[in-house]
Amino acid sequence: MPIPLKQSVRIGAYLAQQKLRRREKFPLLVELEPLFQCNLACAGCGKIQHPEHVLKRRMPVEQAVAAIEECGAPMVSIAGGEPLIHPEIDEIVRQLVARKKFVYLCTNALLLERKLEKFTPSPYFAWAIHLDGLRERHDDSVCREGVFDKAVEAVRAAQAAGFRVTTNTTFFTNDSPNTVQQVLDFLNDELHVDQMMISPAYAYEKAPDQEHFLGVQQTRELFKAAFADGRRRRWRLNHSPLFLDFLEGKVDLQCTAWGIPSYSLFGWQRPCYLMADGYAETYRELLETTDWDAYGRGRDPRCDNCMAHCGYEPTAVLASTRSVKQSLRAVLQR
Ligand code: SF4
Ligand code: SF4
């Protein structure tokens, strides 16, 4: 099942509304991080290096919901850390779904089967399960054996219980077009997940493994070769066609970091989920007090190798709304 029609229509209406109101900057999706603690310690992770007293903190339900309401984004991706460690994560999801937000709950799936009964299937809710490759590749990426098998079991359990299940796969320099194809073929054709998100790894300064982050040219070559043979059209990728063109180097785009902002225990993170140049108390303050022109490739050296979806998917979506051809491609996913 691709993006549900209800979701496509709602997002289309939201974009049209922003245009009518002549709003130049607005959020499409919020990356909500209600905690930083995790039950894994992946070598490429830039989120779990906080001191113990920060790792122990949990965002109250009211704070999480108020932040999403204030900014008005129609979609929320809940990450962390591992959100299923948060004792009230089900309540956060329930309250966001009740407000008709489309919620993706990103998880490494270790706790998923145990917590499944706390959640209810809904067109507004999807699991987003972290799977970086097939068994050996994924277990290597998350630095623990057995996690791949556990995640696959969790996908099947969630599907059997009637949930939408999507996946999130990050690629590093030790991937090849072949490993990209293997994992996406598996997720698409064997696990039959609803949709798949892909991303080249961002070079977090704090990540213990600094050797395996892809540069722009490497990313383009990797995806160009992996998308060959018509696979890109066959896979149920949760991205706009223009963003996929960008990943494989057919077009270049500039970053639109305000489109997918990040809200965590510290507030609204400037400028994006990946970099932390301070925090704002509200989304409005973030918009008004950030020098957005200072960020993006060619503007800030920390952005030079970034092709992450949080910066470039909003650019692709907004560009698609300005072109009949691209809008049609987005509808047809071609
Ligand atoms: S599962 Fe996610 S949050 Fe946890 S350590 Fe790995 S990358 Fe970081
Ligand atoms: S290019 Fe954009 S999304 Fe990427 S790190 Fe820089 S500001 Fe963030």
Side-chain angles (χ1 to χ4, degrees), residues 25 27-29 31-50 54-55 77-86 105-112 128-133 138-144 147-148 150-151 154 167-172 197 199-209 212-216 219 243 246-247 252-262 264 268-278 286 290-316:
K25 295 186 175 67
L28 280 171
L29 175 147
E31 297 275 7
L32 176 67
E33 298 176 312
L35 82 172
F36 290 115
Q37 196 159 55
C38 191
N39 46 5
L40 283 176
C42 308
C45 181
K47 296 284 173 182
I48 53 172
Q49 289 78 13
H50 295 285
V54 174
L55 293 178
S77 170
I78 307 180
E82 169 52 55
L84 289 178
I85 293 176
H86 192 300
L105 183 50
C106 304
T107 172
N108 58 37
L110 290 179
L111 295 171
L112 194 149
I129 295 177
H130 173 190
L131 265 171
D132 282 351
H138 182 65
D139 287 355
D140 187 46
S141 181
V142 301
C143 306
R144 192 190 297 179
V147 177
F148 174 85
K150 189 88 186 134
T167 51
N168 194 346
T169 304
T170 305
F171 297 106
F172 297 82
M197 277 185 52
S199 185
Y202 175 74
Y204 287 109
E205 286 167 355
K206 290 180 188 160
D209 177 3
H212 293 112
F213 294 119
L214 290 158
V216 168
T219 299
F243 177 72
F246 167 70
L247 281 187
D252 204 3
L253 302 172
Q254 193 45 270
C255 166
T256 305
W258 44 259
I260 300 192
S262 168
S264 75
W268 292 92
Q269 186 165 317
R270 198 184 328 274
C272 67
Y273 178 68
L274 304 166
M275 278 162 45
D277 285 354
L286 178 82
T290 304
D291 179 6
W292 299 103
D293 292 339
Y295 296 101
R297 278 185 291 119
R299 297 171 176 173
D300 183 316
R302 295 169 298 172
C303 299
D304 280 350
N305 283 320
C306 177
M307 294 180 80
H309 109 288
C310 64
Y312 296 91
E313 183 71 90
T315 320

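Remember, it's 1-based here, ligands and their atoms both numbered in the order they're listed.
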For this session: Would you name the heavy atoms of Phe172 and Gly44 that are closest together and state the gap between them?
Result: CE2-CA, 4.4 Å
Exercise. How does Tyr312 reach ligand 2, if at all, at less than 4.0 Å between non-hydrogen atoms: by side chain, backbone, both, or neither?
Worked result: side chain
Seminar exercise, completed: Under 4.0 Å from one or more heavy atoms of Ile48, ligand 1 contributes atoms 5 (S)
Exercise. What part of Cys38, side chain, backbone, both or neither, has a heavy atom within less than 4.0 angstrom of ligand 1?
Worked result: side chain
Exercise. Do the side chain of Ser262 and the main chain of Cys272 share a donor and acceptor less than 3.5 angstrom apart?
Worked result: no
Problem set entry | Metal check, atom 4 (Fe) of ligand 2 vs Cys306 N/O/S, cut-off below 2.8 Å | yes
Problem set entry | N/O donor-acceptor pair under 3.5 Å between Glu82 side chain and Gln37 backbone | no
Problem set entry | atom 2 (Fe) of ligand 1 [closest protein heavy-atom partner, distance rounded to 0.1 Å] | His130 ND1, 4.2 Å
Exercise. Of all the heavy atoms in Val142, does at least one lie under 4.0 Å from an atom in ligand 1?
Worked result: no
For this session: Examine distances only and state if a side-chain atom of Asp139 and a backbone atom of Phe148 form a donor-acceptor pair shorter than 3.5 Å.
Result: yes
For this session: Using non-hydrogen atoms of the residue, decide whether Tyr202 is closer than 4.0 angstrom to ligand 2.
Result: yes
Seminar exercise, completed: So the atoms of ligand 1 within less than 4.0 Å of a heavy atom of Asn108 turn out to be 1 (S)
Exercise. Is it true that Ala308 lies under 4.0 Å from ligand 2, counting heavy atoms only?
Worked result: no
For this session: Look only at the side chain of Asn108 and the backbone of His130, and say whether a donor-acceptor pair between them is shorter than 3.5 Å.
Result: no
Exercise. Nearest 0.5 Å, what's the OG1-CD distance between Thr256 and Glu313?
Worked result: 10.5 Å
Exercise. Atom 8 (Fe) of ligand 2: which protein heavy atom is closest, and how many Å away?
Worked result: Cys272 SG, 2.4 Å
Exercise. Picking from Asn39, Ile78, Leu110, Leu105, what satisfies side chain to side chain contact (heavy atoms under 4.5 Å, CB included) with Leu84?
Worked result: Leu105
Exercise. Which ligand 1 atoms are under 4.0 Å away from a heavy-atom of Gly81?
Worked result: 3 (S)
